[in-house]
Every structure is written in structure tokens, then in C-alpha cells.
Amino acid sequence: MDDADKMQTTSPNNAYEAVVWSSISLTHVEYPKGDFIGYILAWCSLLPIFSIVGFITLILFRRDLHTISYFTGLLLNEACNWILKHMIREQRPLRDRAILFTEYGMPSSHAQFAWFFSTYMVFFLFVRVYRNHSLMDDFWKYLVSIVCFTASSAVLYSRVYLGYHTFGQVSCGALLGIFLGALWFAVVQLILTPCFPYLASHPIGEFFMLRDSTLIPHVMWFEYTSSRSEARNRQRKIMGRKSQ
């Protein structure tokens, strides 16, 4: 039997077994079967992925320049993490499923992402967003900040609990995320924000329908009242045409 005949008689199972499978570590999360806490923490570990999907949705539908800047900072934060990982080259904790670890472990990208997100969000709430006249009016800011820090802590703990990182790796990732989040907010606030009106009025900005809502004190309330007022005006026009 020649080589061609041998290739033809190779079973599909043998060909399947010859393929080397790899995992996308960004989304592949395992937890001990039957461990309820591990199950919850596995979902917490995916919070950065949910955040990215939310950002892309907001950018597509709102096209706000500050949202785009926020997301750009997260991408730069991930690029910085990738560079540091391949410079330090510290291995992840030993596990029996080593195939899942396709990247280095120092610093933890999940922890760095989560704490960058929370740090920037807190600065945004207490520096960028309008200031109320009473503590009760600002209660929602403190509530959102607590939720962000709690979620970031859960992401950090989940990576250690599930064996994907050591405590040192997630700690370094969190500290780096806090530093970069504060630094990027300063860059956006002091350097990029003054350029927003020009970018929004530029022909390219108008083509992509970019918006600058920096001077609007309460964007959600403004959009709600504007859309409601426009809907009522159009309803009156429709009723007026029908009555003619």
C-alpha cells in the first residue's frame, strides 16, 4: 500500500485527534464542578467582557466623544498589560489544565481592566458629572462607586480562587489599573476634552455623528426631555393634519 492509499484509509477520528486545540484565555473560564462559589466567581471573572460589549453598544448608539475616550483608555490599558506580560514573563500558578494558560500571568489583565474601569468611573462621577446641592442628591454617585469597587474586588478574588493567577499577580494588576485609570482621566479631562467641540464640528465628526455632551449637566435627563418634547411636537403635527 502506497502513501496515497494510507492517507485515504486514515479514519476521521485519527485526523481529529491529530489536531492540537488551544483556548482563548480571555473568555474561557473554568470552575470546580459542584462549587457554587466557584460558579459565581467564574461569572464575575467575565465582567470585563460584559463591560467591553456594553462600551461598544454605547459607542454605536450614542457616539459620545467621552465614551469613546473612556473605551480608548481601556484598550491602551490592555495594550500596556500585554507588553508588561511579555516583558516580565512570569508563569501562572500550576494547574492540571495547563493548556488553558496561553499567556503569562504578571500582571493580571482581568484585575488591571476592572480597577482601571472603576478608578476612571469614580473620577468621572465626582469630578466630571454635575454637582448636586445635598448629600442625598449625590447618594447615587456613592452607590455606583461602591458597586464598581465591589465588582472589581470580585474579579480580583475570582482570578486567585479559580487558580488563574497568584495574589501577587492580581495585586500588581489592580495597582497598575488604579494608576493608569487616574492618569488617563487626567489626560482626557485636561488635554482631550478641550478638543471635543472641534472634533464634533469637524466634517468627519459630523459624518460619524459624533457628539460632545461635556457642557450638558445631566445627559440622561436632557436626552429624555428632548426626545419626549420632540415626540409630543410630532404627535401634534400628525393630529393637526388629520383634523384638516
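Note that the numbering runs from 1 along the sequence shown for the chain.
- Contact check for Leu180 versus Gln112: side-chain heavy atoms found under the 4.5 Å cut-off.
- Atoms CD1 and CG, on Ile68 and Leu210 in that order, are 5.0 Å from each other to the nearest 0.5 Å.
- No path of Ile, Leu, Val, Met, Phe, Trp and Tyr side chains, each step under 4.5 Å between heavy atoms, connects Ile88 with Trp82, placing them in separate hydrophobic clusters.
- Under the 4.5 Å side-chain contact rule for hydrophobic residues, Trp140 and Val147 do not share a cluster.
- Annotation: side chain of Phe196 is in contact with side chain of Ser69 (closest heavy-atom distance under 4.5 Å).
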* Take Thr193 and Val188 through the side chain to side chain contact (heavy atoms under 4.5 Å, CB included) test and state the conclusion after the steps. => CA-CA 6 Å; Thr193 297; Val188 173; 4.0 Å; yes
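- Between Phe185 and Tyr70, the distance from one ring center to the other does not fall under 6.0 angstrom.
- Using bins of under 30°, 30° to 60° and over 60° for the plane-to-plane angle, the ring pair Phe116/Tyr120 lands in the parallel bin.
- Using a 4.5 Å heavy-atom threshold, the side chains of Asp212 and Leu199 count as separate.
- Residues Cys148 and Met121 come closest through the heavy atom pair SG-CG, 3.8 Å.
- With Val170 as the partner, the side chain to side chain contact (heavy atoms under 4.5 Å, CB included) test is satisfied by one option alone out of Leu175, Val155, Leu156: Leu156.
- Counting heavy atoms from C-beta outward, Phe113 and Ser51 have side chains that approach closer than 4.5 Å.
- The closest donor-acceptor contact from the side chain of Thr119 to the backbone of Ala182 lies at 3.5 Å or more, if one exists at all.
- Contact check for Val127 versus Val122: no side-chain heavy atoms found under the 4.5 Å cut-off.
- No more than 12 heavy atoms of other residues, nucleotides or ligands shown are found within 6.0 angstrom of CZ on Arg234.
- Proximity of a side-chain donor or acceptor of Ser109 to a complementary backbone N or O of Asn81 within less than 3.5 Å is not detected.
- Here the CZ atom belonging to Phe123 is positioned 10.5 Å from the CG atom belonging to Leu183, to the nearest 0.5 angstrom.
- Of the possible donor and acceptor atoms, none in the side chain of Ser229 sits under 3.5 Å from a partner among the backbone N and O of Ser226.
- Taken to the nearest 0.5 Å, the NE2 atom of His110 stands 7.0 Å off from the NE2 atom of His165.
- A distance of 6.0 Å separates CG in Leu84 from CG in Leu176, rounded to the nearest 0.5 Å.
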* Assess whether ring pair (Phe, Tyr, Trp, His ring centres under 6.0 Å) is satisfied between Phe124 and His66, documenting all intermediate values. => CA-CA 10 Å; Phe124 174 79; His66 194 275; 5.0 Å; yes
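- Placement of Ile56 and Phe61 within a single hydrophobic cluster is found when ILVMFWY residues are connected by side-chain heavy-atom separations under 4.5 Å, directly or transitively.
- Taking hydrophobic clusters as Ile, Leu, Val, Met, Phe, Trp and Tyr residues chained together by side-chain heavy-atom distances below 4.5 Å, Phe207 shares a cluster with Ile59.
- Residues Lys85 and Pro107 come closest through the heavy atom pair CE-O, 2.9 Å.
- The hydrophobic cluster containing Leu58 does not contain Leu60, counting ILVMFWY residues as joined when their side-chain heavy atoms lie under 4.5 angstrom apart, directly or transitively.
- Contact check for Leu125 versus Val144: side-chain heavy atoms found under the 4.5 Å cut-off.
- Atoms SG and CZ, from Cys80 and Phe179 in turn, are 9.0 Å apart once rounded to the nearest 0.5 Å.
- Side-chain contact between Phe126 and Tyr142: present, with at least one pair of heavy atoms (C-beta onward) separated by less than 4.5 Å.
- Within a 6.0 Å sphere centred on OH of Tyr198, heavy atoms belonging to other residues, nucleotides or ligands number 12 at most.
- Looking at Ser118, its side chain never comes within 3.5 Å of a backbone N or O of Ser152 through a donor-acceptor pair.
- Between Ser108 and Ala111, the shortest heavy-atom contact is OG-N, 3.3 Å.
- For Glu78 (side chain) and Leu75 (main-chain N/O), no donor-acceptor pair under 3.5 Å exists by modelled atom type.
- No donor-acceptor pair closer than 3.5 Å links the side chain of Arg211 to the backbone N or O of Ala200.
- Atom CD1 of Ile204 has 12 or fewer neighbouring heavy atoms from other residues, nucleotides or ligands inside a 6.0 Å radius.
- If you take OG1 on Thr57 and CD1 on Ile52, they are separated by 11.5 Å, rounding to the nearest 0.5 Å.
- Nearest heavy atom pair, residue Met106 against residue Gly168, reads CE-O, 3.9 Å.
- The shortest heavy-atom contact between Arg63 and Met209 is CB-O, 3.4 Å.
- Between the side chain of Trp184 and the main chain of Asn77, no donor-acceptor pair closer than 3.5 Å is present.
- Taking the ring centroids of Trp115 and Phe149, they lie under the 6.0 Å cut-off.
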* Can you list the steps and then say if Tyr157 with Phe167 is a side chain to side chain contact (heavy atoms under 4.5 Å, CB included)? -> CA-CA 8 Å; Tyr157 181 69; Phe167 181 77; over 6 Å; no
